[in-house]
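Here is the structure we will look at, set down as structure tokens.
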Amino acid sequence: EFAEGSGSERYPYKITAQEHLVNMALYPEAHYVLESDITLPSVNAGEANFNPLFSEEVKFNGIFDGNGHTIRNISIYNTASRYTGLFAYIGESGIIKNITLENATIHGKGYVGGIAGYSQGVISDCKITGKVSASSAGYIGGIAGYAEQTVSGCRAETELSAESVSIAGGLIGEFNGEAVTDCSAVGSINMDASTAGGLIGIFRGNTLASCSAAGNVTLKDTSSSAVSAGGLVGRIGSVLDEITITDCTATGDISVTDEKDVYAGGLIGNIYDGVTLTNCSATGNVTSVSTS
């Protein structure tokens, strides 16, 4: 099933081939380490060479250490379930780290992200290049559609697209955890959505630090809701505790069109009281149009 190992933290299962990645689905609480780069076979557009690992019913609660290696040409095309990514669903004890997805193509609906559709766990030092798209989705992001714990040291260089989506972020669609630190997103967002940010669509965490986003954000919402768009964060969610945003930058133009209320900003589109910004900057033009 694997190259070596017993699945314990001391002797993790060693992964050296695609079939080893697939076999991870058998042991949702085991520990894994990638021992070499893996290149998946090329497929035609709209075809898959890999299925998302785990699910809302069977979450991943182990440790996956990419060990600095790369998975190339992964193609996931999933419309059967609501969670899509290398890991469909990461549980509270799950840890994903040190992995690069190169030339990835990820397509799904509901919650869509390169590393995880939905993450209750920790994601660190992960990178993705490629395309992430949705036929219909609530949340879409280069690294994760929705994340609830710490995300650090991650980078997304992705082209995001969706026919209809609620929340979009270059790195994370919506974050509802402790902190996002030392992360970056490169790539423009141009879609029908209610909220989008170059890095994060909606941020409901406590700390956002040393992060950057580079790329234009263009929204045209066809729903009945108001629209929020920002170069870094589309909207800061309802504030229960004080939120700090430190040493963050955004570069790119913001353009929003909607029939109702429009909130647009070079750094943050819509911000609540209780947010402290320190040493942050944004460059680019901001254009907002309400057609009502």
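Side-chain atoms of T100 do not come within 3.5 Å of backbone N or O of T70 as any donor-acceptor pair. D253 places a side-chain N or O within 3.5 Å of a backbone atom of N285 that can act as its donor or acceptor partner. Distance alone, capped at 3.5 Å, is enough to place a donor-acceptor pair between the K109 side chain and the T79 backbone. Of the possible donor and acceptor atoms, one in the side chain of H20 sits under 3.5 Å from a partner among the backbone N and O of A17. N61 places a side-chain N or O within donor-acceptor distance of the main-chain N or O of E92, the cut-off being under 3.5 Å. The backbone N or O of S166 sits less than 3.5 Å from a side-chain atom of S194, completing a donor-acceptor pair. In this structure, N206 contributes its side chain and I243 its backbone to no donor-acceptor pair below 3.5 Å.
Between D125 and C154 the shortest heavy-atom distance is N-SG, 3.8 Å. Taking both residues in full, the closest heavy atoms of E47 and V43 are given as O-CG2, 3.5 Å, listed atom of the first, atom of the second, then distance. The shortest heavy-atom contact between H107 and T84 is O-CG2, 3.5 Å. Shown here for P12 and V33, the closest heavy-atom pair between the two residues is CG-CG1, 3.8 Å. The two atoms that bring V256 and A264 nearest to each other are CG2-CB, 4.0 Å, heavy atoms only. Nearest heavy atoms, G169 versus L160: O-CD1, 3.3 Å.
Separation of atoms CG (D182) and OG (S152) is listed at 7.0 Å; rounding is to 0.5 Å. Between N279 atom CG and D247 atom CG the span is 4.5 Å, to the nearest 0.5 Å. Separating the CD1 atom in I200 from the CD1 atom in I172 is a distance of 4.5 Å, to the nearest 0.5 Å. How far CG of L232 is from OG of S212: 8.0 Å, rounded to the nearest 0.5 Å. The structure places CZ of F50 at 8.5 Å from CD1 of I38, a figure rounded to the nearest 0.5 Å. Between the OH atom of Y11 and the NZ atom of K14 there is a distance of 10.5 Å, given to the nearest 0.5 Å.
The stretch residues 153-189 participates, sequence neighbours left out, in these ring-ring contact (aromatic ring centres under 6.0 Å, His included) pairs: F175-F203.
Each of T278, V275, V180 was evaluated against I245; a single residue qualifies, V275, per the side chain to side chain contact (heavy atoms under 4.5 Å, CB included) test. With V165 as the partner, the side chain to side chain contact (heavy atoms under 4.5 Å, CB included) test is satisfied by one option alone out of T195, D192, I140: I140.
Under a cut-off of 6.0 angstrom, the local environment of CG in N51 is sparse, with at most 12 non-hydrogen atoms contributed by other residues, nucleotides or ligands.
By the 4.5 Å side-chain criterion applied to Ile, Leu, Val, Met, Phe, Trp and Tyr, I95 is assigned to a cluster that also includes I63, V122. Within the hydrophobic cluster formed by Ile, Leu, Val, Met, Phe, Trp and Tyr side chains joined at under 4.5 Å, directly or through other members, Y89 is accompanied by Y83, Y111, Y118, Y139, Y146, I167, I202.
Side chain to side chain, T207 and E178 fail the donor-acceptor criterion of an N or O pair below 3.5 Å. N67 and N98 form no side-chain donor-acceptor contact under 3.5 Å, judged by distance and modelled atom types alone. Looking at E1 and Y27, their side chains do bring a donor and an acceptor atom within 3.5 Å of each other. In this structure, a donor-acceptor pair under 3.5 Å is absent between the side chains of T218 and N190.
In this structure, F2 and Y13 have parallel ring planes: the angle between them is below the 30° cut-off, well short of the 60° mark.
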